[in-house]
Amino acid sequence: LTGERAGGLPEWSSNVATEYWGGVESISGEWYLRGLLNAESEYYSPTYREDLDNYLTMDLYVGLRSADRNWDVNLWVKNLTDESARLKDRALPDIPDYENSVMVSSPFVVFLRQLPPRTLGVTFNYNFGSLQATVILWVANVISKIKSVSYSEPWLGTSSEVRSGY
């Protein structure tokens with residue numbers, strides 16, 4: 001054992017939620033503003049043998065609901081600050097070098113999990129007695145991220161660029 005923590009697990013994680021609300025007499029309901037902070041320490045990557053990114057995200061919700069909580073509608077923004085972080089990776093298997101009859105370490109790494117980009121949406125909830133219906137509409141992924149990674153292939157004598165997005 002190397003003394004490093006297990007791959008894919010943060011050393012710590014935390015979240016804080018808060019809500020502020022007030023009455024809306026004309027609809028016998030209330031408005032609310034809800035915030036959620038999520039934070040995690042860095043993840044250890046066995047592939048790189050180093051820590052990946054730590055992060056802090058903020059989600060905001062603003063909505064209206066009935067006083068008896070039978071219905072609720074809210075607009076939300078998840079990952080308000082558009083934080084990005086790689087959370088889990090894996091090295092691809094070695095590549096055969098047929099000319100020299102050996103296996104060469106792959107320069108490629110697959111990111112299995114990363115934070116989603118800033119996203120806007122609307123959620124509608126309605127309670128039908130013991131049954132609840134929820135409709136969630138994702139309005140948009142506000143910023144489409146494209147990451148580029150440069151790598152070299154010494155056994156081929158070339159240099160390439162890999163682009164990935166979500």
Side-chain angles (χ1 to χ4, degrees), residues 1-24 29-93 105-127 132-152 160-166:
L1 298 176
T2 64
E4 293 289 345
R5 62 186 178 278
L9 299 174
E11 185 175 341
W12 58 265
S13 64
S14 178
N15 62 48
V16 175
T18 186
E19 184 173 294
Y20 183 72
W21 68 93
V24 180
E30 58 190 25
W31 62 269
Y32 62 91
L33 176 64
R34 181 182 309 140
L36 176 64
L37 286 175
N38 291 302
E40 288 192 351
S41 67
E42 61 276 338
Y43 286 71
Y44 178 71
S45 168
T47 303
Y48 290 118
R49 295 186 185 354
E50 65 181 35
D51 288 332
L52 295 178
D53 306 328
N54 59 347
Y55 70 89
L56 172 71
T57 61
M58 175 188 258
D59 301 339
L60 286 178
Y61 304 79
V62 62
L64 286 172
R65 62 185 166 218
S66 64
D68 58 6
R69 307 281 171 109
N70 274 341
W71 60 265
D72 182 331
V73 60
N74 64 65
L75 300 169
W76 46 263
V77 179
K78 294 187 178 182
N79 194 2
L80 179 69
T81 60
D82 202 28
E83 179 78 17
S84 64
R86 298 173 299 162
L87 305 176
K88 187 173 184 182
D89 63 7
R90 179 176 55 87
L92 292 180
S105 294
S106 172
F108 302 106
V109 172
V110 176
F111 293 107
L112 301 173
R113 200 173 125 222
Q114 42 188 332
L115 284 177
R118 179 185 308 133
T119 307
L120 303 173
V122 180
T123 302
F124 303 96
N125 285 310
Y126 191 83
N127 288 322
Q132 179 178 349
T134 301
V135 177
I136 300 173
L137 303 174
W138 279 313
V139 175
N141 285 341
V142 175
I143 296 177
S144 175
K145 293 183 185 286
I146 296 179
K147 306 263 185 203
S148 66
V149 178
S150 296
Y151 65 92
S152 61
S160 302
E161 188 172 274
V162 175
R163 291 192 180 273
S164 66
Y166 39 139

Verify side-chain contact (heavy atoms from CB on, under 4.5 Å) between Trp71 and Leu64, making sure each step is shown before the conclusion. CA-CA 8 Å; Trp71 60 265; Leu64 286 172; 4.1 Å; yes

Give, for atom [atom1] of [X] and atom [atom2] of [Y], the distance between the pair rounded to the nearest 0.5 Å.
X      : Y      : atom1 : atom2 : answer
Thr119 : Leu80  : OG1   : CG    : 11.0 Å
Leu56  : Asn15  : CG    : CG    : 11.0 Å
Thr18  : Leu36  : OG1   : CG    : 10.5 Å
Ser13  : Tyr55  : OG    : OH    : 7.5 Å
Tyr61  : Asn74  : OH    : CG    : 7.5 Å
Asp72  : Thr123 : CG    : OG1   : 8.0 Å

Could you tell me which non-hydrogen atom of Asp82 sits nearest to which non-hydrogen atom of Arg118, and how far apart they are?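 Between these two residues, the closest heavy atoms are OD1-N, 2.9 Å.
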
Would you name the heavy atoms of Asp59 and Asn79 that are closest together and state the gap between them? OD1-N, 2.8 Å

Are the side chain of Ser41 and the backbone of Glu11 linked by a donor-acceptor contact shorter than 3.5 Å? yes

Check side-chain contact (heavy atoms from CB on, under 4.5 Å) between Phe124 and all other residues, then give those that pass, not counting sequence neighbours.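 side-chain contact (heavy atoms from CB on, under 4.5 Å) check on Phe124 returns Val73, Val122, Val135, Leu137.
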
Could you list the residues that satisfy side-chain contact (heavy atoms from CB on, under 4.5 Å) with Glu30, not counting sequence neighbours?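 Listed in chain order: Trp21, Arg65, Arg69.
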
